[in-house]
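Counting convention: from 1, in listed order, for ligands and their atoms alike.
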Amino acid sequence: MKNVPTLQWIGSVDGHLRMIDQTKLPVELVEIDCRDVEAVCEAIKSLRVRGAPAIGIAAAYGVCLGVHNVLGADQTTFFDRLHEAVDRLAASRPTAVNLFWALERMKQTASRFRNGPTAEIAAALLTEAQAIHEEDRQMCRAIGRHGAELLGDRQGVLTHCNAGGLATADYGTALAVIFAAAEAGKTLRVFADETRPLLQGARLTAWELQRRGIDVTVICDNMAAQVMREGRVQAVVVGADRIAANGDAANKIGTYGLAVLAAAHEIPFYVAAPSSTFDLSIASGTEIPIEQRDPREVTHGFGRQTVPDGVAVYNPAFDVTPAELIAAIICERGVIRPVNRETIAAMLA
Ligand code: MRU
């Protein structure tokens, strides 16, 4: 099995970003090269790269691409180009806070080196992007270690969307918990929601789990209640795109419904996310911007029209699960339980 990194910087400061084109999975494992900001923005918007941490890493490298042509330029030209790149990347997708967190780190790095030659600032930007990338690897491993203890041997685990290696620098957040539990010798049966409309669960999560030899069964999203009632699921683990100060967590559309179902069946509902996914500047989930996507994703999914012409479609890409439905948040620093403003502040302090 060829181990292809989700994201990879090729070369040195004038290099480029290589990524798996996730829109082609599971049928084709192909990589694409992004050589300018526009290509990175397009890849983020069209979900060639997706998942909150991966979007942040891609955007950080996008900033490096943005200053390619101004490496020897004067400060004003360099910083104008930098800010233009940051603004374009920030406009690519609105919900995952990791994107804005990574861009902020890049801006701060540039201003720390403000008085040096522009070639030095560019080198510092690449070092920072690589640090963001490397830290995310370590965060995945730590989340796995903390979360694995919450799963028991021979349990059924339900997950939604894709919070695995394709969404991060290593082996994921929600899926890290599953992979680490399996590494610890636990046998799990994973149910992957197919995750309408873009099928990240069926296409990506099932692909990753199968490649790593984990028992995975895909279900349509509307089957979760029945699967729970049949006693096949003992835990739900999902990722997050942005977590407010009170623990309300935005994740792929359908996550909130799963949390309600889990509560009705007394099944613990866990969110796994690194500290870069928390947005302590917002008090609650009502302030999280929810991305609205093209209706054609619903009406013409994967090449076939399934809705009559002219019918209205509503296509929010994310929803917000209230903190009270979340049994614990697993982050790289430990397990936050119960989930509230105080426990989150204490863990992230
Ligand atoms: O629209 P997507 O595919 O980017 O949505 C991704 C999710 O909702 C993931 O669960 C989330 O970003 C966490 S990834 C570790």
Subject >> Residues that Phe318 engages under ring-ring contact (aromatic ring centres under 6.0 Å, His included), provided they are two or more places apart >> reply: none
**OP:** Name all pairs fulfilling the salt bridge (charged side-chain N to carboxylate O under 4.0 Å, His left out) condition that reach into residues 256-280, sequence neighbours left out, sorted by first residue then second.
**Re:**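 Sorted pair list: Arg242-Asp279.
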**OP:** Please list all pairs passing the salt bridge (charged side-chain N to carboxylate O under 4.0 Å, His left out) test where one or both residues lie in residues 167-178, with sequence neighbours left out.
**Re:** Arg141-Asp170
Subject >> Side chain proximity check, Ile344 to Leu280, heavy atoms < 4.5 angstrom >> reply: yes
Subject >> Sorted by chain and number, the residues that approach ligand 1 to under 4.0 Å with a heavy atom >> reply: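 Near ligand 1, by chain and number: Arg50, Gly51, Ala52, Pro53, Arg93, Cys161, Asn162, Ala163, Ala167, Thr168, Thr173, Gln200, Ala240, Asp241, Asn251, Lys252, Phe318.
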**OP:** State, to 0.1 Å, how close Gln155 and Ala235 come at their nearest heavy-atom pair, and which atoms those are.
**Re:** OE1-CB, 4.4 Å
Subject >> Arg114 with Glu120: basic N within carboxylate O range, under 4.0 Å >> reply: no
